[in-house]
Amino acid sequence: MTNNSDKNVIRKMVYNNLKISMCGIPAMAFLTFLFALILCLGATFGEEQQHICPDPRPLGCPQLVCDLMNGRETNVCDEIQCEGITSEDCIASGSSYERGLTMCGCCAGCAKYLDVGDPCEVSPPAPTLDPNCTDSFCPILKNRCKPGLECNYLGQISKVCSMPTAGGSGSSDQENTESCDYKRTLGLVKTLHWTPNCELDGTYSPKQCKGTIHDGICFCADSDGNRIFGMEFWRKAENQTCACSRRVHALRAAGNIAAIHCSADGNYEPLQCDMDSGVCYCVDPETGKLNGAVLPEHQWRNLPCYSVNLTNWDTTGEYLRVCDSEWTAGQRLYKEATMHGLDVVAVKDLNCDFDGSYAPVRRVGAEWYCVQKDGTIGPHHQLLEESRQDCQCYRDAILYSEAGRTFQRVCDEKTGNYGAVDLFEPITNLYSCSDKDGFFFGDKVEEDYVCCLAGDCSSRPENIRAKCYNDETKSGFRPCSSWIT
Ligand SMILES: *[C@@H]1O[C@H](CO)[C@@H](O)[C@H](O)[C@H]1NC(C)=O
Ligand SMILES: *[C@@H]1O[C@H](CO)[C@@H](O)[C@H](O)[C@H]1NC(C)=O
Ligand SMILES: *[C@@H]1O[C@H](CO)[C@@H](O)[C@H](O)[C@H]1NC(C)=O
């Protein structure tokens, strides 16, 4: 028997999701479609039709689609126009995007799994529709724990979804702990302090965001999740695609020298010049697609996308920026020199950002320095062989001040990086771990206990050491390095 809520589900699917392209369907199937549609809207389903489809029919598989699939040789999915649910639609309802979830496996949908601490069953019940949902992107409640979680006993009474126990069942051991999907799950269950965006193929999306829409940032990343050039404050990042950053990153990785300019957020600058072919043209900033006229290089200022202030940090007003020009000249010199059997080292170490400015870390003599976009040398420096330096904190301090925002962090004196431990809350004097992008996570501790987070309390009084590492009760603070980041 079909109950009322099931019928509602089907109606919702028919009205919101199902747009069958009529021309692609032969007359017989079209009649079946009409017949089934009438049945859907009526009180009962046709008896003969029902036995063909599995009983119970899976959720998100309307009777008529199921029947079409059973009655025909050709691929029914080809004729179903899915509603085009995107991962953003799912994130908005706190669920995850899943392919083949609705329309009997033809269309994507939003799936909502159980979180850490939610009661669960080892043999979970069939998926159900979210009864509270009113919009057209209703998630399907999977009634099982999120991928990566296990349904375990906590205490004696009930089972709840929890993180896999160390050395526990095999499936979690095989999980790639660096994969985007795994980290995303950790983020959604709040075990990780941020939630990465993943592509359908499991790679990291070009745009990643940390913090909240009010205080957070969005930045560009390569497909492995490594941060690359391009950053915007989250509340202004609506149109950020990072398409330019991804493109330039790929070109450089393949050994190509790109004269493509990205804007600070990682999108394309509207005006691009191709020095090799000697032309300049306008592009769509979000996609990089040609958008209007193409002019010879020397006429670039006549392009409709030209503006006096191409960048706010380069005052020369030329297409090639300071670092760009130095780099281009250096490359010519390098080619000449190698032709004559000379070795020019300095040129190889010059690193321009994707907007043509100097990259944050610049080699000056025998040291690395943090530099401003125009190459001006800042106070942070260390010897060439010392540990990794990204100057992220140094650069953010400049950026925040330009944006009129307060910046309360203290950068690492030598590297200009964010310190692994920093003042979290100036009023209460609490400290916390910081990630390399400056976002706090994990335990908050008073100043005395900062050594706990840094992981070395050997020179501290016994009572502090005891609080840091109480192995017996497992109640001590965890050092930053032991959090999953
Ligand atoms: C539906 O809403 C009610 C009241 O807001 C809430 O108690 C319940 O947990 C919600 N159910 C689901 C499945 O989200
Ligand atoms: C994003 O693009 C839309 C459409 O071009 C525009 O109306 C909107 O102001 C842009 N948002 C931001 C933050 O620039
Ligand atoms: C360009 O920048 C200068 C200095 O920041 C500013 O005074 C001027 O108004 C800007 N011009 C345009 C067209 O935005």
Side-chain angles (χ1 to χ4, degrees), residues 83-94 97 110 135-137 187 194-200 204-222 225 227-249 260-273 280-295 300-315 317 319 321 353-357 373 392 395-407 437-439:
E83 204 184 7
I85 291 183
T86 67
S87 54
E88 268 75 28
D89 299 322
C90 299
I91 291 165
S93 64
Y97 181 91
C110 302
D135 67 23
S136 56
F137 300 125
W194 71 289
T195 307
N197 298 321
C198 311
E199 297 293 284
L200 292 176
Y204 284 81
S205 301
K207 177 180 172 183
Q208 302 289 344
C209 301
K210 280 186 178 178
T212 68
I213 194 158
H214 307 291
D215 68 4
I217 60 161
C218 296
F219 56 89
C220 306
D222 69 12
R227 185 165 173 179
I228 58 176
F229 177 83
M231 186 274 227
E232 182 55 281
F233 294 109
W234 192 333
R235 68 178 164 75
K236 291 163 69 186
E238 176 190 355
N239 298 328
Q240 182 189 28
T241 62
C242 291
C244 182
S245 283
R246 267 290 177 90
R247 171 109 188 272
V248 174
H249 180 72
I260 298 170
H261 279 159
C262 306
S263 45
D265 61 0
N267 287 4
Y268 287 87
E269 272 187 9
L271 194 158
Q272 303 284 342
C273 290
C280 295
Y281 48 91
C282 299
V283 300
D284 178 281
E286 288 166 39
T287 61
K289 292 219 169 78
L290 196 64
N291 176 12
V294 179
L295 288 180
W300 70 290
R301 287 195 173 86
N302 295 329
L303 283 167
C305 53
Y306 173 80
S307 82
V308 189
N309 298 338
L310 269 183
T311 70
N312 60 3
W313 50 267
D314 186 289
T315 49
Y319 180 76
R321 318 286 149 77
D353 258 340
F354 299 2
D355 59 355
S357 69
K373 276 182 171 292
Q392 193 66 59
R395 275 294 181 88
D396 282 354
I398 298 171
L399 198 72
Y400 277 67
S401 112
E402 282 170 358
R405 292 172 164 235
T406 50
F407 189 78
D437 302 306
F439 287 87

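One-based numbering, in listed order, for ligands and for the atoms of each. Along the sequence shown, residues carry numbers from 1.
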>> What I'd like to find out is whether the side chain of D396 reaches to under 4.5 Å of the side chain of M231, using heavy atoms alone.
In response: yes
Ligand 2 N/O to protein N/O, distances under 3.5 Å:
unit_1   : atom_1 : unit_2 : atom_2 : d
ligand 2 : 2 (O)  : N239   : OD1    : 3.2
ligand 2 : 2 (O)  : N239   : ND2    : 2.3
ligand 2 : 11 (N) : E238   : OE1    : 3.1
ligand 2 : 11 (N) : N239   : ND2    : 2.9

> Is the CZ atom of R247 crowded by more than 12 outside heavy atoms at less than 6.0 Å?
Replying inline: no
>> List the residues meeting ring pair (Phe, Tyr, Trp, His ring centres under 6.0 Å) with F229, not counting sequence neighbours, and say none if there are none.
In response: F354
Side-chain atoms of residues 207-214: list all donor-acceptor pairs with protein atoms under 3.5 Å, sequence neighbours left out, distances to 0.1 Å.
unit_1 : atom_1 : unit_2 : atom_2 : d
K207   : NZ     : A237   : O      : 2.6
K207   : NZ     : Q240   : O      : 3.4
Q208   : OE1    : N197   : N      : 2.7
Q208   : NE2    : N197   : O      : 2.9
Q208   : NE2    : S205   : O      : 3.0
K210   : NZ     : D435   : OD2    : 2.8
K210   : NZ     : D437   : OD2    : 2.6
T212   : OG1    : H214   : N      : 3.3
T212   : OG1    : D215   : N      : 3.2
T212   : OG1    : D215   : OD1    : 2.8

> Under the ring pair (Phe, Tyr, Trp, His ring centres under 6.0 Å) test, which residues partner H261, sequence neighbours left out?
Replying inline: Y319
> Charged N to carboxylate O under 4.0 angstrom, R321 versus E269?
Replying inline: yes
